[in-house]
Amino acid sequence: MTVGTFTSISLEPPLVGFFADSGSMTFHRVRTAEHFTVSVLDDTQDEVCRAFSGEAGDRFAEVSLVPGRHPAPRIAGALGWFDCAVDTIVNVGDHHLVVGRVLAFDVSAVPRGPLVFFRGILCQLDPTVPSRGIW
Ligand SMILES: Cc1cc2nc3c(=O)[nH]c(=O)nc-3n(C[C@H](O)[C@H](O)[C@H](O)COP(=O)(O)O)c2cc1C
């Protein structure tokens, strides 16, 4: 499934997470799985984003995959990926926080931009335009 709520949680131990809707079929699979993989999409992968957020057919048949450390595959061409073991699941309102312990991760050697979802559209991030903050 496509998630926009993916976040880093802890460095020691290395934990990441995302919030899954209670009605998500992916969540029901993750709840009984031992592993999951997060692929971070780049700004050319809007079709992948749409495929994984639309009607659940065989989404994995529509994309090129790369084998990971465990059965959950990585999406080819992604900006980066995290192979995770399911660590904790916490009920939060109508969502569940799924916490994963990072077993392996990497980022693409090619500098590319991430796919951004902003004001209802998929768009690019332009890092050459700084904010007006002090950072
Ligand atoms: C940009 C974007 C971000 C999304 N983020 C989330 C999210 O963080 N959590 C979630 O449960 N659904 C999120 N969704 C919606 C799911 O991808 C969508 O409901 C999907 O069909 C769920 O598939 P499943 O029922 O097979 O798990 C997002 C969709 C888009 C387009």
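One-based numbering, in listed order, for ligands and for the atoms of each.
- Within the 4.5 Å cutoff, side-chain heavy atoms of His70 are placed close to those of Leu103.
- Residues Ser22 and Asp94 bring no donor and acceptor atom of their side chains to less than 3.5 Å of each other.
- When side chains are defined from C-beta on, Val86 counts as touching Val30, because their heavy atoms get closer than 4.5 Å.
- Atoms of ligand 1 found under 4.0 Å from any heavy atom of Ala20 (numbered from 1 in listed order, with element): 11 (O).
- Of all the heavy atoms of Arg59, the ones lying under 4.0 Å from any atom of ligand 1 belong exclusively to the side chain.
- Considering both main-chain and side-chain atoms, Met25 comes within under 3.5 Å of ligand 1 through a nitrogen or oxygen pair.
- Those atoms of ligand 1 with a heavy atom of Gly54 less than 4.0 angstrom away are 21 (O).
- In this structure, atom 8 (O) of ligand 1 lies nearest to the protein heavy atom Thr5 OG1, 2.7 Å.
- When atom types are taken as modelled, the side chain of Arg59 and the backbone of Gly54 share a donor-acceptor pair closer than 3.5 angstrom.
- Against a heavy-atom cut-off of under 4.0 Å, Phe117 is close to the following atoms of ligand 1: 1 (C).
- When ring centroids are compared, Phe27 and Phe36 stay outside the 6.0 Å threshold.
- Within a 6.0 Å sphere centred on CZ of Arg29, other residues, nucleotides and ligands contribute 12 heavy atoms or fewer.
- Under 4.0 angstrom from ligand 1, the non-hydrogen atoms of Phe52 all belong to its backbone.
- Distances shorter than 4.0 angstrom do not occur between any heavy atom of Phe18 and any atom of ligand 1.
- With respect to atom 27 (O) of ligand 1, the closest heavy atom belonging to the protein is Thr26 OG1, 2.6 Å.
- Of the listed residues (Leu115, Leu122, Thr2, Val30), the one carrying the non-hydrogen atom nearest atom 14 (N) of ligand 1 is Thr2.
- Ranking the protein heavy atoms by distance from atom 12 (N) of ligand 1 puts Met1 CE, 3.5 Å first.
- Side-chain contact between Val48 and Ile75 is present, with at least one heavy-atom pair separated by less than 4.5 Å.
- Any N or O atom pair closer than 3.5 Å counts here, and Gly4 shares at least one such pair with ligand 1.
- Considering only non-hydrogen protein atoms, atom 19 (O) of ligand 1 sits nearest to Ser53 O, 4.5 Å.
- Residues Pro73 and Thr37 are not in side-chain contact: their nearest non-hydrogen atoms beyond the backbone lie 4.5 Å or more apart.
- For the pair Leu115 and Gln45, the tightest heavy-atom approach, listed with the atom from each and the gap, is CD2-O, 3.8 Å.
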For this session: For the pair Trp81 and Val38, evaluate side chain to side chain contact (heavy atoms under 4.5 Å, CB included) and give the outcome as yes or no after the intermediate values.
Result: CA-CA 5 Å; Trp81 47 261; Val38 176; over 6 Å; no
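- The contact set between ligand 1 and Asp21, taken as ligand atoms under 4.0 Å from a residue heavy atom, comprises 10 (C), 11 (O).
- With respect to atom 7 (C) of ligand 1, the closest heavy atom belonging to the protein is Phe19 O, 3.5 Å.
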